[in-house]
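Reminder, nothing fancy here: chain letters follow the sequence lines and each chain counts from 1.
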There are 2 protein chains.
Amino acid sequence: MSQIQASEHVHAPSGPVRDEAGVAKYRHEAIAVVLQSCPTGECRVLCVQRTREPFVDKWSLPSGAMEVDESLEDAITRHLAAKVNLTSMSYAEQLGTRSDPARDPFDRTIATAYLVLIPWDQEWDLPVDASWLLVDELPPMAFDHQEIVELAVARLQAKLSYTNIGFALTPEEFRMSDLAQSYAAIMGHEVSATNLQRILARRGQLKATGKKAAPGAEGGRPAKLFSFAQRSLEITDQFATLRP
Amino acid sequence: MSQIQASEHVHAPSGPVRDEAGVAKYRHEAIAVVLQSCPTGECRVLCVQRTREPFVDKWSLPSGAMEVDESLEDAITRHLAAKVNLTSMSYAEQLGTRSDPARDPFDRTIATAYLVLIPWDQEWDLPVDASWLLVDELPPMAFDHQEIVELAVARLQAKLSYTNIGFALTPEEFRMSDLAQSYAAIMGHEVSATNLQRILARRGQLKATGKKAAPGAEGGRPAKLFSFAQRSLEITDQFATLRP
DNA sequence: TCAAAAGTGTTCTATCTACACCCATGA
DNA sequence: TCATGGGTGTAGATAGAACACTTTTGA
């Protein structure tokens with residue numbers, strides 16, 4: 001899909017809004033950074049092309065308003081199902097809330113961003129306006145969405161180092177070389193499968209399944225299949241300094 | 001001040017609220033966890049005793065609603081000045097946003113919490129309803145405020161390890177033994193001034209002032225005075241694992 | 001000259017990186 | 001039997017904890 005410059009705004013900003021009792025009204029939306037990091041070395045983010053001003057035709061992150069009787073977590077789940085057919089995620093965590101009155105040129109909108117991870121083998125039918133974009137080749141995005149993606153990637157990079165968050169990137173069983181490639185796509189540098197295995201094993205993150213993967217067409221020793229010992233987040237490496 | 005059990009609620013919960021156009025109305029408030037960690041070994045949090053239901057007489061964190069034309073950061077600054085006379089902080093960072101519809105029994109309130117740090121030598125006049133509470137002896141607090149304090153302390157503990165955030169705890173110049181005590185109060189375990197100095201020095205966080213502190217009444221070698229090389233947050237220790 | 005507090009030097013250990021070498025498979 | 005990819009063993013580097021020892025002050 002082509003990238004088109006946003007045309008001029010056709011609406012005027014609505015400005016601060018209050019009801020008759022003086023209670024402020026806000027639109028509060030939840031924004032998702034859905035990341036998938038594949039053994040092919042691609043780390044990609046799920047985006048939606050806008051059809052309305054502002055930022056018409058620009059890429060944006062899937063998002064939607066929170067209703068009064070639901071939490072932000074409920075809202076993000078609901079909107080991901082409705083807007084990009086995503087009904088299953090292996091991990092979600094809140095990134096932060098943006099409240100700059102100028103972040104949306106038309107409305108007063110507060111936005112809370114979430115990092116959402118899905119396994120690299122998860123595939124489903126995307127709506128026509130949705131598409132995967134490579135994280136390291138992002139075009140200019142609508143609103144502050146580019147910044148939010150960068151924040152998400154930075155958070156994920158950090159958590160790869162000191163938690164078992166890798167479980168959210170992988171299928172149930174995987175080869176170490178695939179995991180290393182997936183990590184490398186996120187970290188932005190080479191990751192040695194050899195050393196990664198030892199690090200994760202010492203921390204008790206890995207479980208050997210006993211199974212082996214079929215070797216490729218050109219031969220090679222068949223890889224062992226591993227799985228993560230636990231599929232919920234835990235801190236596996238307490239910070240190095242200032243330990244008791 | 002004595003701790004009194006919250007009496008029974010006198011108002012009914014107001015429930016979901018919408019205006020005539022169907023736009024949801026939310027109260028969005030900013031909550032501050034103001035921490036001060038002293039060389040005496042006390043880590044304390046600034047609290048306000050509630051005068052109204054719900055949770056009347058319970059301790060709570062200073063907070064207040066965000067107006068439509070300000071950001072959350074503006075709101076927290078404004079409310080801290082108005083409610084606890086705090087007009088100067090050395091660091092503030094967003095912790096997270098709570099949106100559970102049941103978190104406030106009366107209103108539909110979304111709350112964004114902030115970690116706020118002030119130097120250990122900063123003193124000022126508190127209003128009568130405000131007081132410092134020790135972080136490791138917290139009484140049951142209003143709403144989910146106790147959880148929020150714990151989150152703030154955990155965040156600060158982590159950042160002490162891999163950033164220069166110590167600058168926000170100290171006066172311009174300080175003795176290493178005082179810094180170690182302040183760190184220890186946050187971390188919850190002994191911190192060796194000897195080793196702390198070497199860690200911070202190798203990371204380039206420390207600047208020697210050349211000055212010396214006066215020794216105590218019972219003698220002892222006078223301590224060198226140090227200051228932090230930079231008084232804004234930077235990551236000084238990249239995560240140990242998965243480096244290039 | 002002694003106690004108290006601060007600072008330095010040195011050793012030990014844990015953990016990560018690098019790299020050589022061995023293993024299992026298909027052509 | 002050779003190329004290909006996977007796995008193991010081991011040496012080196014780094015950083016932090018622990019602790020003994022030295023320095024500088026007041027009484």
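- A sub-4.0 Å separation between OP1 or OP2 of C:dG7 and a side-chain N or O of B:Thr194 is absent.
- Taking atom CD of A:Gln197 as the reference point, atom P of C:dT15 lies 17 Å away to the nearest angstrom.
- Sorted by first and then second residue, the ring pair (Phe, Tyr, Trp, His ring centres under 6.0 Å) pairs involving residues 196-224 of chain B (not counting sequence neighbours) form an empty list.
- Side chain to side chain, B:Ser227 and B:Glu172 fail the donor-acceptor criterion of an N or O pair below 3.5 Å.
- Residue B:Thr112 holds its OG1 atom at 13.0 Å from CZ of A:Arg98, rounded to the nearest 0.5 Å.
- Between A:Arg203 atom CZ and C:dT15 atom P there is a gap of 9 Å when expressed in whole angstrom units.
- A straight line from CG of B:Leu206 to P of C:dG7 spans 11 Å, rounded to a whole angstrom.
- When the C1' atom of D:dA15 is taken as reference, atom CG of B:Asp237 falls 9 Å away, rounded to whole Å.
- Between B:Tyr162 atom OH and D:dA15 atom P the separation is 19 Å, expressed in whole Å.
- Taking 3.5 Å as the limit, the base of D:dG5 and the side chain of A:Arg175 contain no donor-acceptor pair of atoms between them.
- Atom CG of B:Leu225 is separated from atom P of D:dT25 by 14 Å (rounded to the nearest Å).
- Checked by distance alone, B:Arg198 brings a side-chain donor or acceptor within 3.5 Å of a matching partner on the base of C:dG9.
- In the set C:dG7, C:dT25, D:dG6, C:dT25 carries the atom at the smallest distance from any side-chain atom of A:Pro222.
- Between A:Glu218 and B:Ser192, the residue whose closest nucleotide on DNA chain D is further toward the 5' end is A:Glu218.
- Note that the OH atom of A:Tyr183 and the CE atom of A:Met176 stand 8.0 Å from one another [nearest 0.5 Å].
- Nearest-nucleotide assignment on DNA chain C puts the 5′-proximal partner with B:Ala223, out of B:Ala223 and A:Asn195.
- For B:Lys224, the listed nucleotide lying nearest its side chain is C:dG7; candidates were C:dG7, C:dT25, D:dG9.
- A straight line from CG of A:Leu200 to C1' of C:dT15 spans 14 Å, rounded to a whole angstrom.
- B:Leu196 has its CG atom 9 Å from the P atom of D:dA17, to the nearest Å.
- For B:Phe226, the side-chain atoms get nearest to C:dG7 when compared with the rest of D:dA17, D:dG7, C:dG7.
- For the atom pair OG1 of B:Thr163 and CG of B:Asp237, the computed distance is 10.0 Å after rounding to the nearest 0.5 Å.
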